[in-house]
Peer 1: 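Dropping a structure here in C-alpha coordinates format, bear with me for questions.
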2 protein chains.
Amino acid sequence: MAVSERDGRDERGERGPRERMVFSAAQLIRRGGVAAAGMRDVAAHASAPRGSLQHYFPGGKEQLVNEAVDWAGRYAGDRVGRFLAAMPEPSPSGLFAAMAQQWIDEYETAGFAGGCPVAAAMVDCAESAESTRSAAAAAFDRWAGSVAEALRGMGVPPERAASLATLMISALEGAILIARSERDVRALTTVVRELAPLLDGSAAPPPA
Amino acid sequence: MAVSERDGRDERGERGPRERMVFSAAQLIRRGGVAAAGMRDVAAHASAPRGSLQHYFPGGKEQLVNEAVDWAGRYAGDRVGRFLAAMPEPSPSGLFAAMAQQWIDEYETAGFAGGCPVAAAMVDCAESAESTRSAAAAAFDRWAGSVAEALRGMGVPPERAASLATLMISALEGAILIARSERDVRALTTVVRELAPLLDGSAAPPPA
DNA sequence: CCACGACTATGACAGTCGTCATAGTACGGC
DNA sequence: GCCGTACTATGACGACTGTCATAGTCGTGG
(Lines give C-alpha, C1' and ligand atoms only; values in the text may rest on other atoms or scores of the structure.)
Protein backbone atom coordinates (compact mmCIF):
# COMPACT_ATOMS: atom_id res chain seq x y z
CA MET A 1 0.00 0.00 0.00
CA ALA A 2 2.84 2.34 -0.66
CA VAL A 3 1.29 5.37 -2.24
CA SER A 4 2.94 8.28 -3.92
CA GLU A 5 1.51 11.73 -3.47
CA ARG A 6 0.21 11.65 -7.03
CA ASP A 7 -1.93 8.55 -6.73
CA GLY A 8 -5.61 8.46 -6.10
CA ARG A 9 -6.72 11.11 -8.55
CA ASP A 10 -9.90 10.89 -10.48
CA GLU A 11 -10.27 10.72 -14.24
CA ARG A 12 -9.72 14.46 -14.60
CA GLY A 13 -6.47 14.24 -12.68
CA GLU A 14 -7.98 16.23 -9.84
CA ARG A 15 -9.56 15.33 -6.56
CA GLY A 16 -12.28 17.04 -4.66
CA PRO A 17 -11.66 18.25 -1.14
CA ARG A 18 -13.42 15.27 0.34
CA GLU A 19 -11.29 12.75 -1.49
CA ARG A 20 -8.18 14.73 -0.71
CA MET A 21 -8.95 14.63 2.98
CA VAL A 22 -9.43 10.86 2.99
CA PHE A 23 -6.20 10.47 1.07
CA SER A 24 -4.35 12.82 3.37
CA ALA A 25 -5.69 11.00 6.39
CA ALA A 26 -4.27 7.75 5.04
CA GLN A 27 -0.94 9.43 4.41
CA LEU A 28 -0.68 10.84 7.89
CA ILE A 29 -1.93 7.67 9.56
CA ARG A 30 0.64 5.55 7.86
CA ARG A 31 3.41 7.83 9.08
CA GLY A 32 2.69 8.20 12.76
CA GLY A 33 -0.45 6.29 13.54
CA VAL A 34 -3.98 7.46 14.08
CA ALA A 35 -3.24 9.54 17.14
CA ALA A 36 -0.57 11.52 15.33
CA ALA A 37 -2.95 12.32 12.50
CA GLY A 38 -4.90 15.19 13.98
CA MET A 39 -7.97 16.52 12.27
CA ARG A 40 -6.33 19.91 11.86
CA ASP A 41 -3.28 18.24 10.33
CA VAL A 42 -5.42 16.32 7.87
CA ALA A 43 -7.14 19.48 6.68
CA ALA A 44 -3.84 21.28 6.33
CA HIS A 45 -2.18 18.39 4.47
CA ALA A 46 -5.12 18.21 2.09
CA SER A 47 -5.14 21.99 1.63
CA ALA A 48 -8.76 21.75 2.60
CA PRO A 49 -10.68 24.03 4.91
CA ARG A 50 -10.93 22.83 8.44
CA GLY A 51 -14.61 23.61 8.51
CA SER A 52 -15.24 21.04 5.81
CA LEU A 53 -14.29 18.17 8.07
CA GLN A 54 -17.48 18.23 10.06
CA HIS A 55 -19.42 18.74 6.87
CA TYR A 56 -18.06 15.79 4.94
CA PHE A 57 -17.45 13.56 7.92
CA PRO A 58 -20.28 14.06 10.37
CA GLY A 59 -19.21 10.78 11.96
CA GLY A 60 -16.09 12.52 13.18
CA LYS A 61 -12.58 11.17 13.18
CA GLU A 62 -13.72 7.57 13.33
CA GLN A 63 -15.50 7.93 10.01
CA LEU A 64 -12.51 9.64 8.45
CA VAL A 65 -10.16 6.91 9.63
CA ASN A 66 -12.49 4.20 8.42
CA GLU A 67 -12.73 5.76 4.98
CA ALA A 68 -8.96 6.10 4.85
CA VAL A 69 -8.60 2.40 5.66
CA ASP A 70 -11.23 1.53 3.11
CA TRP A 71 -9.46 3.62 0.50
CA ALA A 72 -6.18 1.89 1.24
CA GLY A 73 -7.76 -1.54 0.86
CA ARG A 74 -9.30 -0.61 -2.46
CA TYR A 75 -6.04 0.89 -3.62
CA ALA A 76 -4.04 -2.20 -2.71
CA GLY A 77 -6.56 -4.44 -4.44
CA ASP A 78 -6.49 -2.37 -7.59
CA ARG A 79 -2.73 -2.34 -7.60
CA VAL A 80 -2.66 -6.12 -7.86
CA GLY A 81 -4.53 -5.92 -11.12
CA ARG A 82 -2.11 -3.37 -12.48
CA PHE A 83 0.90 -5.42 -11.43
CA LEU A 84 -0.60 -8.38 -13.22
CA ALA A 85 -1.22 -6.42 -16.39
CA ALA A 86 2.37 -5.19 -16.40
CA MET A 87 3.90 -8.65 -16.18
CA PRO A 88 4.81 -10.26 -19.53
CA GLU A 89 4.49 -13.76 -18.12
CA PRO A 90 2.71 -13.75 -14.79
CA SER A 91 3.91 -15.94 -11.96
CA PRO A 92 3.08 -16.00 -8.26
CA SER A 93 6.60 -15.08 -7.27
CA GLY A 94 6.63 -12.30 -9.83
CA LEU A 95 3.45 -10.82 -8.40
CA PHE A 96 4.81 -10.97 -4.90
CA ALA A 97 8.06 -9.39 -6.04
CA ALA A 98 6.12 -6.55 -7.65
CA MET A 99 4.12 -5.95 -4.51
CA ALA A 100 7.26 -5.78 -2.43
CA GLN A 101 9.10 -3.74 -5.03
CA GLN A 102 6.62 -0.93 -4.66
CA TRP A 103 7.67 -0.63 -1.03
CA ILE A 104 11.35 -0.98 -1.82
CA ASP A 105 11.05 1.82 -4.35
CA GLU A 106 9.30 4.07 -1.90
CA TYR A 107 11.78 3.42 0.86
CA GLU A 108 14.76 3.97 -1.39
CA THR A 109 13.50 7.16 -2.91
CA ALA A 110 11.39 8.73 -0.17
CA GLY A 111 12.83 7.28 3.01
CA PHE A 112 11.32 5.04 5.63
CA ALA A 113 8.76 7.45 6.98
CA GLY A 114 5.62 5.49 6.18
CA GLY A 115 4.13 2.07 6.76
CA CYS A 116 0.85 0.46 5.84
CA PRO A 117 -2.09 2.64 6.85
CA VAL A 118 -4.29 -0.38 7.49
CA ALA A 119 -1.77 -1.84 9.89
CA ALA A 120 -1.40 1.49 11.63
CA ALA A 121 -5.13 1.94 12.04
CA MET A 122 -5.43 -1.62 13.34
CA VAL A 123 -2.77 -1.13 15.98
CA ASP A 124 -4.31 2.08 17.23
CA CYS A 125 -8.04 1.39 16.96
CA ALA A 126 -8.60 -2.34 16.99
CA GLU A 127 -9.84 -2.35 20.53
CA SER A 128 -11.28 1.13 20.82
CA ALA A 129 -13.26 1.38 17.60
CA GLU A 130 -15.07 -1.70 16.42
CA SER A 131 -15.97 -0.05 13.12
CA THR A 132 -12.32 0.59 12.36
CA ARG A 133 -11.40 -2.97 13.14
CA SER A 134 -13.97 -4.28 10.71
CA ALA A 135 -12.89 -1.72 8.12
CA ALA A 136 -9.37 -3.09 8.42
CA ALA A 137 -10.66 -6.64 8.08
CA ALA A 138 -12.54 -5.61 4.95
CA ALA A 139 -9.44 -3.95 3.55
CA PHE A 140 -7.31 -7.03 4.11
CA ASP A 141 -10.05 -9.19 2.67
CA ARG A 142 -10.36 -7.11 -0.46
CA TRP A 143 -6.62 -7.10 -0.94
CA ALA A 144 -6.32 -10.84 -0.35
CA GLY A 145 -9.23 -11.43 -2.69
CA SER A 146 -7.44 -9.65 -5.52
CA VAL A 147 -4.25 -11.57 -4.89
CA ALA A 148 -6.09 -14.89 -4.72
CA GLU A 149 -7.91 -14.16 -7.94
CA ALA A 150 -4.63 -13.37 -9.64
CA LEU A 151 -3.13 -16.61 -8.36
CA ARG A 152 -6.04 -18.63 -9.66
CA GLY A 153 -5.49 -17.02 -13.02
CA MET A 154 -1.97 -18.47 -12.94
CA GLY A 155 -3.18 -21.99 -12.40
CA VAL A 156 -3.03 -22.13 -8.63
CA PRO A 157 -5.79 -24.37 -7.28
CA PRO A 158 -8.59 -22.25 -5.82
CA GLU A 159 -8.37 -23.73 -2.33
CA ARG A 160 -4.70 -22.89 -2.11
CA ALA A 161 -4.92 -19.49 -3.71
CA ALA A 162 -6.61 -17.96 -0.69
CA SER A 163 -4.07 -19.45 1.69
CA LEU A 164 -1.14 -18.25 -0.35
CA ALA A 165 -2.66 -14.79 -0.60
CA THR A 166 -2.85 -14.65 3.17
CA LEU A 167 0.74 -15.80 3.42
CA MET A 168 1.94 -13.23 0.92
CA ILE A 169 0.18 -10.34 2.62
CA SER A 170 1.30 -11.50 6.06
CA ALA A 171 4.92 -11.75 4.99
CA LEU A 172 4.77 -8.40 3.25
CA GLU A 173 3.22 -6.58 6.20
CA GLY A 174 5.74 -8.07 8.59
CA ALA A 175 8.65 -7.29 6.32
CA ILE A 176 7.45 -3.69 6.08
CA LEU A 177 7.58 -3.41 9.85
CA ILE A 178 11.08 -4.84 10.03
CA ALA A 179 12.38 -2.83 7.10
CA ARG A 180 11.10 0.36 8.61
CA SER A 181 12.65 -0.40 11.98
CA GLU A 182 16.00 -1.24 10.40
CA ARG A 183 15.80 1.54 7.84
CA ASP A 184 16.84 -1.08 5.33
CA VAL A 185 14.93 -2.92 2.63
CA ARG A 186 16.75 -6.14 3.47
CA ALA A 187 13.70 -7.75 5.07
CA LEU A 188 11.63 -7.07 1.97
CA THR A 189 14.16 -8.52 -0.44
CA THR A 190 14.64 -11.48 1.87
CA VAL A 191 11.00 -12.52 2.03
CA VAL A 192 10.70 -12.15 -1.73
CA ARG A 193 13.70 -14.38 -2.31
CA GLU A 194 12.78 -17.00 0.28
CA LEU A 195 9.14 -17.24 -0.65
CA ALA A 196 9.70 -17.43 -4.41
CA PRO A 197 10.21 -21.21 -4.75
CA LEU A 198 7.25 -21.94 -2.52
CA LEU A 199 4.98 -19.64 -4.50
CA ASP A 200 6.06 -20.88 -7.91
CA GLY A 201 5.71 -24.49 -6.82
CA SER A 202 2.15 -23.81 -5.82
CA ALA A 203 0.53 -24.69 -9.11
CA ALA A 204 1.08 -28.28 -8.06
CA PRO A 205 -1.40 -29.86 -5.64
CA PRO A 206 -0.88 -29.03 -1.97
CA PRO A 207 2.09 -30.79 -0.39
CA ALA A 208 1.25 -33.80 1.74
CA MET B 1 5.25 -11.88 21.85
CA ALA B 2 1.97 -12.82 23.35
CA VAL B 3 2.39 -12.45 27.06
CA SER B 4 0.15 -13.54 29.86
CA GLU B 5 -0.26 -11.34 32.90
CA ARG B 6 1.84 -13.76 34.94
CA ASP B 7 4.96 -13.64 32.80
CA GLY B 8 7.99 -11.55 33.39
CA ARG B 9 8.46 -12.20 37.07
CA ASP B 10 11.84 -12.52 38.65
CA GLU B 11 13.24 -15.57 40.39
CA ARG B 12 11.26 -14.83 43.53
CA GLY B 13 8.03 -14.67 41.58
CA GLU B 14 7.73 -10.99 42.30
CA ARG B 15 8.58 -7.86 40.41
CA GLY B 16 9.62 -4.49 41.64
CA PRO B 17 7.59 -1.43 40.78
CA ARG B 18 9.98 -0.44 38.05
CA GLU B 19 9.77 -3.75 36.27
CA ARG B 20 6.03 -3.80 36.70
CA MET B 21 5.70 -0.44 35.03
CA VAL B 22 7.78 -1.50 32.04
CA PHE B 23 5.72 -4.65 31.78
CA SER B 24 2.47 -2.75 32.10
CA ALA B 25 3.58 -0.28 29.48
CA ALA B 26 4.17 -3.13 27.05
CA GLN B 27 0.75 -4.55 27.87
CA LEU B 28 -1.04 -1.29 27.26
CA ILE B 29 0.96 -0.42 24.17
CA ARG B 30 0.16 -3.70 22.51
CA ARG B 31 -3.54 -3.13 23.08
CA GLY B 32 -4.09 0.37 21.79
CA GLY B 33 -0.79 1.75 20.66
CA VAL B 34 1.57 4.14 22.34
CA ALA B 35 -0.82 7.06 22.37
CA ALA B 36 -3.49 5.06 24.17
CA ALA B 37 -1.02 4.03 26.87
CA GLY B 38 -1.02 7.10 29.07
CA MET B 39 1.50 7.47 31.84
CA ARG B 40 -1.29 7.58 34.41
CA ASP B 41 -2.74 4.39 32.94
CA VAL B 42 0.60 2.63 33.13
CA ALA B 43 1.02 3.48 36.79
CA ALA B 44 -2.50 2.35 37.56
CA HIS B 45 -2.14 -0.89 35.61
CA ALA B 46 1.11 -1.64 37.43
CA SER B 47 -0.41 -0.75 40.78
CA ALA B 48 2.53 1.58 41.09
CA PRO B 49 2.54 5.12 42.39
CA ARG B 50 2.31 7.77 39.75
CA GLY B 51 5.11 9.70 41.36
CA SER B 52 7.52 6.86 40.67
CA LEU B 53 7.33 7.35 36.95
CA GLN B 54 9.50 10.43 36.90
CA HIS B 55 11.81 8.81 39.41
CA TYR B 56 12.47 5.61 37.49
CA PHE B 57 12.09 7.06 34.03
CA PRO B 58 13.62 10.51 34.03
CA GLY B 59 13.71 10.27 30.24
CA GLY B 60 9.94 10.47 30.26
CA LYS B 61 7.55 8.45 28.19
CA GLU B 62 10.05 7.87 25.44
CA GLN B 63 12.33 6.02 27.84
CA LEU B 64 9.45 3.99 29.20
CA VAL B 65 8.32 3.00 25.72
CA ASN B 66 11.84 2.10 24.70
CA GLU B 67 12.29 -0.11 27.72
CA ALA B 68 8.97 -1.78 27.04
CA VAL B 69 10.06 -2.52 23.49
CA ASP B 70 13.39 -3.78 24.73
CA TRP B 71 11.67 -5.99 27.25
CA ALA B 72 9.43 -7.43 24.54
CA GLY B 73 12.40 -8.22 22.32
CA ARG B 74 14.21 -9.97 25.13
CA TYR B 75 11.07 -11.87 26.05
CA ALA B 76 10.48 -13.05 22.49
CA GLY B 77 14.09 -14.15 22.15
CA ASP B 78 13.99 -16.10 25.39
CA ARG B 79 10.75 -17.73 24.39
CA VAL B 80 12.42 -19.28 21.36
CA GLY B 81 14.85 -21.11 23.60
CA ARG B 82 12.03 -22.42 25.73
CA PHE B 83 10.05 -23.57 22.71
CA LEU B 84 13.13 -25.39 21.51
CA ALA B 85 13.66 -27.09 24.84
CA ALA B 86 10.05 -28.27 24.90
CA MET B 87 10.21 -29.94 21.50
CA PRO B 88 11.06 -33.66 21.54
CA GLU B 89 12.50 -33.55 18.03
CA PRO B 90 13.10 -29.99 16.91
CA SER B 91 12.25 -28.91 13.39
CA PRO B 92 11.99 -25.49 11.77
CA SER B 93 8.29 -25.89 11.10
CA GLY B 94 7.75 -27.10 14.64
CA LEU B 95 9.42 -24.01 16.04
CA PHE B 96 7.36 -21.75 13.86
CA ALA B 97 4.20 -23.58 14.83
CA ALA B 98 5.05 -23.11 18.50
CA MET B 99 5.63 -19.41 18.02
CA ALA B 100 2.29 -19.02 16.29
CA GLN B 101 0.54 -21.29 18.74
CA GLN B 102 1.34 -18.91 21.58
CA TRP B 103 -0.69 -16.28 19.78
CA ILE B 104 -3.47 -18.67 18.88
CA ASP B 105 -3.76 -19.69 22.50
CA GLU B 106 -3.91 -16.12 23.66
CA TYR B 107 -6.51 -15.15 21.11
CA GLU B 108 -8.69 -18.14 21.85
CA THR B 109 -8.59 -17.76 25.59
CA ALA B 110 -8.23 -14.02 26.12
CA GLY B 111 -9.68 -12.49 22.99
CA PHE B 112 -8.12 -10.42 20.27
CA ALA B 113 -7.37 -7.34 22.31
CA GLY B 114 -3.60 -7.29 21.93
CA GLY B 115 -1.00 -7.32 19.20
CA CYS B 116 2.77 -7.19 19.23
CA PRO B 117 4.07 -4.32 21.34
CA VAL B 118 7.10 -3.84 19.12
CA ALA B 119 4.92 -3.47 16.05
CA ALA B 120 2.67 -1.04 17.87
CA ALA B 121 5.55 1.09 19.06
CA MET B 122 7.00 1.09 15.56
CA VAL B 123 3.80 2.28 13.96
CA ASP B 124 3.36 5.11 16.44
CA CYS B 125 6.92 6.28 17.02
CA ALA B 126 9.05 5.27 14.05
CA GLU B 127 9.15 8.76 12.66
CA SER B 128 8.78 10.83 15.80
CA ALA B 129 11.24 9.11 18.12
CA GLU B 130 14.46 7.87 16.62
CA SER B 131 15.41 6.11 19.84
CA THR B 132 12.20 4.08 19.75
CA ARG B 133 12.77 3.09 16.15
CA SER B 134 16.21 1.76 16.95
CA ALA B 135 14.87 0.02 20.04
CA ALA B 136 12.39 -1.76 17.79
CA ALA B 137 15.15 -2.68 15.37
CA ALA B 138 17.16 -4.09 18.26
CA ALA B 139 14.15 -6.07 19.47
CA PHE B 140 13.53 -7.60 16.06
CA ASP B 141 17.22 -8.31 15.72
CA ARG B 142 17.43 -10.06 19.05
CA TRP B 143 14.36 -12.10 18.25
CA ALA B 144 15.58 -13.04 14.79
CA GLY B 145 18.97 -13.89 16.23
CA SER B 146 17.43 -16.41 18.60
CA VAL B 147 15.40 -17.96 15.82
CA ALA B 148 18.37 -18.14 13.47
CA GLU B 149 20.48 -19.75 16.15
CA ALA B 150 17.79 -22.34 16.73
CA LEU B 151 17.58 -23.06 13.02
CA ARG B 152 21.32 -23.54 12.75
CA GLY B 153 21.05 -26.02 15.57
CA MET B 154 18.67 -27.99 13.38
CA GLY B 155 21.11 -28.19 10.52
CA VAL B 156 20.00 -25.19 8.53
CA PRO B 157 22.99 -23.62 6.76
CA PRO B 158 24.06 -20.45 8.58
CA GLU B 159 23.57 -18.15 5.60
CA ARG B 160 19.99 -19.30 5.18
CA ALA B 161 19.12 -19.38 8.85
CA ALA B 162 19.07 -15.59 9.12
CA SER B 163 16.90 -15.26 6.04
CA LEU B 164 14.42 -17.84 7.23
CA ALA B 165 14.27 -16.20 10.63
CA THR B 166 13.32 -12.92 8.97
CA LEU B 167 10.70 -14.70 6.91
CA MET B 168 9.23 -16.43 9.94
CA ILE B 169 9.00 -13.26 11.99
CA SER B 170 7.60 -11.30 9.06
CA ALA B 171 4.91 -13.85 8.37
CA LEU B 172 4.04 -14.09 12.05
CA GLU B 173 3.76 -10.35 12.54
CA GLY B 174 1.60 -9.97 9.45
CA ALA B 175 -0.62 -12.87 10.42
CA ILE B 176 -1.10 -11.32 13.85
CA LEU B 177 -2.37 -8.14 12.22
CA ILE B 178 -4.78 -10.02 9.98
CA ALA B 179 -5.98 -12.36 12.72
CA ARG B 180 -6.70 -9.44 14.99
CA SER B 181 -8.61 -7.59 12.31
CA GLU B 182 -10.67 -10.67 11.46
CA ARG B 183 -11.02 -11.75 15.06
CA ASP B 184 -10.09 -15.19 13.81
CA VAL B 185 -6.90 -17.21 14.13
CA ARG B 186 -7.26 -18.41 10.55
CA ALA B 187 -4.39 -16.28 9.26
CA LEU B 188 -2.07 -17.72 11.91
CA THR B 189 -2.93 -21.33 11.18
CA THR B 190 -2.66 -20.63 7.46
CA VAL B 191 0.86 -19.24 7.52
CA VAL B 192 1.99 -22.11 9.73
CA ARG B 193 0.57 -24.67 7.34
CA GLU B 194 1.79 -23.01 4.16
CA LEU B 195 5.26 -22.28 5.41
CA ALA B 196 5.90 -25.70 6.92
CA PRO B 197 7.23 -27.50 3.82
CA LEU B 198 9.48 -24.60 2.93
CA LEU B 199 10.93 -24.45 6.42
CA ASP B 200 11.50 -28.18 6.75
CA GLY B 201 13.08 -28.35 3.31
CA SER B 202 15.56 -25.73 4.34
CA ALA B 203 18.23 -28.05 5.65
CA ALA B 204 19.02 -28.65 1.98
CA PRO B 205 21.22 -26.12 0.16
CA PRO B 206 19.43 -22.98 -1.04
CA PRO B 207 17.21 -23.56 -4.09
CA ALA B 208 18.74 -22.33 -7.34
C1' DC C 1 -34.08 40.46 -5.05
C1' DC C 2 -34.42 36.81 -2.20
C1' DA C 3 -34.17 32.47 -0.34
C1' DC C 4 -31.97 28.22 0.00
C1' DG C 5 -28.68 24.78 -0.07
C1' DA C 6 -23.80 23.61 0.01
C1' DC C 7 -19.75 24.73 1.85
C1' DT C 8 -16.39 27.51 4.69
C1' DA C 9 -14.57 30.11 8.73
C1' DT C 10 -13.38 30.57 13.40
C1' DG C 11 -13.55 30.88 18.22
C1' DA C 12 -14.73 28.28 22.23
C1' DC C 13 -15.30 24.16 25.04
C1' DA C 14 -14.23 20.32 27.86
C1' DG C 15 -11.10 16.87 28.20
C1' DT C 16 -6.58 14.53 28.25
C1' DC C 17 -1.91 14.38 27.75
C1' DG C 18 3.19 14.47 29.45
C1' DT C 19 5.76 17.01 32.44
C1' DC C 20 7.18 19.59 36.31
C1' DA C 21 7.50 21.64 41.11
C1' DT C 22 7.01 20.97 45.58
C1' DA C 23 6.35 18.60 49.55
C1' DG C 24 6.05 14.54 52.11
C1' DT C 25 7.27 9.77 53.92
C1' DA C 26 10.37 5.76 54.97
C1' DC C 27 14.57 3.95 56.13
C1' DG C 28 19.44 3.24 56.18
C1' DG C 29 23.94 4.59 58.55
C1' DC C 30 26.23 7.28 61.99
C1' DG D 1 18.22 11.85 67.24
C1' DC D 2 19.71 13.39 62.77
C1' DC D 3 20.85 13.50 58.01
C1' DG D 4 20.89 11.91 53.35
C1' DT D 5 18.97 9.10 50.07
C1' DA D 6 15.29 6.64 47.86
C1' DC D 7 10.90 6.84 46.84
C1' DT D 8 6.02 8.64 46.94
C1' DA D 9 2.20 12.08 46.66
C1' DT D 10 -0.30 15.58 44.45
C1' DG D 11 -1.64 19.73 42.38
C1' DA D 12 -0.68 22.68 38.61
C1' DC D 13 0.76 24.01 33.95
C1' DG D 14 0.73 24.54 29.07
C1' DA D 15 -0.04 22.24 25.00
C1' DC D 16 -2.54 19.81 22.66
C1' DT D 17 -6.98 16.98 21.07
C1' DG D 18 -11.85 16.21 18.79
C1' DT D 19 -16.04 18.40 18.71
C1' DC D 20 -19.43 21.89 18.58
C1' DA D 21 -21.88 26.48 17.87
C1' DT D 22 -22.32 30.22 15.33
C1' DA D 23 -21.83 32.99 11.57
C1' DG D 24 -20.33 33.88 7.06
C1' DT D 25 -19.82 33.25 1.86
C1' DC D 26 -20.81 31.54 -2.22
C1' DG D 27 -23.69 30.01 -6.43
C1' DT D 28 -28.09 28.93 -8.24
C1' DG D 29 -33.12 28.70 -9.04
C1' DG D 30 -37.32 31.03 -8.43
Side-chain angles (χ1 to χ4, degrees), chain A residues 10 14-29 31-69 117 120-121 123-132 135, chain B residues 10 14-29 31-69 117 120-121 123-132 135:
Chain A
D10 67 12
E14 308 232 331
R15 279 174 290 171
R18 212 200 114 103
E19 257 188 303
R20 286 207 314 273
M21 286 191 277
V22 172
F23 178 76
S24 290
Q27 290 289 321
L28 295 182
I29 288 170
R31 276 168 173 71
V34 172
M39 301 290 268
R40 292 163 175 85
D41 302 325
V42 170
H45 184 275
S47 301
R50 182 165 80 88
S52 297
L53 277 169
Q54 70 175 286
H55 184 257
Y56 289 116
F57 307 96
K61 187 173 190 177
E62 187 170 331
Q63 180 186 356
L64 178 59
V65 171
N66 293 352
E67 294 204 24
V69 168
V123 161
D124 285 345
C125 306
E127 208 201 358
S128 59
E130 164 65 19
S131 69
T132 302
Chain B
D10 67 12
E14 308 232 331
R15 278 174 291 172
R18 212 199 113 104
E19 257 189 302
R20 286 207 313 273
M21 286 191 277
V22 172
F23 177 76
S24 290
Q27 290 289 322
L28 295 182
I29 287 170
R31 277 169 173 71
V34 171
M39 301 289 267
R40 292 164 175 84
D41 302 325
V42 169
H45 184 273
S47 301
R50 182 164 81 87
S52 298
L53 277 168
Q54 70 176 287
H55 181 70
Y56 289 116
F57 308 96
K61 187 172 191 177
E62 187 169 331
Q63 179 185 358
L64 178 59
V65 171
N66 293 353
E67 294 204 24
V69 168
V123 161
D124 284 345
C125 306
E127 208 202 357
S128 58
E130 163 66 16
S131 68
T132 303

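Proteins come first, then strands; the chains are lettered A, B, ... in the order of their sequence lines, and each starts at number 1. Just the heavy atoms: all of them, side chains too, but no hydrogens, waters or symmetry mates, feed the values below.
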Peer 1: Distance check needed: C/dC7 P versus A/E19 CD, whole Å only.
Peer 2: 14 Å
Peer 1: Taking atom P of C/dG18 as reference, at what distance in whole Å does atom CG of B/N66 sit?
Peer 2: 15 Å
Peer 1: B/L28 has an atom CG; how far is it from atom P of C/dG18, in whole Å?
Peer 2: 11 Å
Peer 1: Could you grab the distance from atom CD of B/E19 to atom OH of B/Y56, nearest 0.5 Å is fine?
Peer 2: 11.0 Å
Peer 1: Please state how far atom NZ in A/K61 lies from atom C1' in D/dC16, giving the value in whole angstrom units.
Peer 2: 12 Å
Peer 1: I need the A/R20 CZ to A/Q27 CD distance, nearest 0.5 Å.
Peer 2: 13.5 Å
Peer 1: When we call it a touch if two heavy atoms are under 4.0 Å apart, what does A/A48 touch: a base, just sugar-phosphate, or nothing?
Peer 2: nothing
Peer 1: Less than 3.5 Å between a donor and an acceptor, one on the side chain of B/R50 and one on the base of D/dG11, is that the case here?
Peer 2: yes
Peer 1: Looking only at heavy atoms, which two atoms of A/E62 and A/T132 are closest? And how far apart?
Peer 2: CG-OG1, 4.0 Å
Peer 1: Between B/M21 (CE) and D/dC7 (C1'), how many Å, whole number?
Peer 2: 10 Å
Peer 1: Given atom CG of B/L53 and atom P of D/dT10, what is their separation to the nearest angstrom?
Peer 2: 14 Å
Peer 1: Measure the distance from CD on B/Q54 to C1' on D/dA9 and round it to the nearest whole Å.
Peer 2: 10 Å
Peer 1: Would you mind classifying the nucleic acid contact of A/A36 as base, sugar-phosphate or nothing, using non-hydrogen atoms under 4.0 angstrom?
Peer 2: nothing
Peer 1: On DNA chain D, compare the nucleotides closest to B/Y56 and A/E62; which residue's is nearer the 5' end?
Peer 2: B/Y56
Peer 1: Quick one: NE2 on A/H45 to CZ on A/R31, what's the gap to the nearest 0.5 Å?
Peer 2: 5.5 Å
Peer 1: What is the separation between atom CZ on A/F57 and atom P on D/dC20, rounded to the nearest whole Å?
Peer 2: 15 Å
Peer 1: Looking at C/dA9, C/dA6, D/dT17, which one has an atom nearest to any side-chain atom of A/H55?
Peer 2: C/dA6
Peer 1: Counting side-chain heavy atoms from CB outward, which of C/dC17, D/dC7, D/dA9 is closest to B/R40?
Peer 2: C/dC17
Peer 1: Out of curiosity, A/R18 CZ to A/L64 CG, how far, rounded to the nearest 0.5 Å?
Peer 2: 8.5 Å
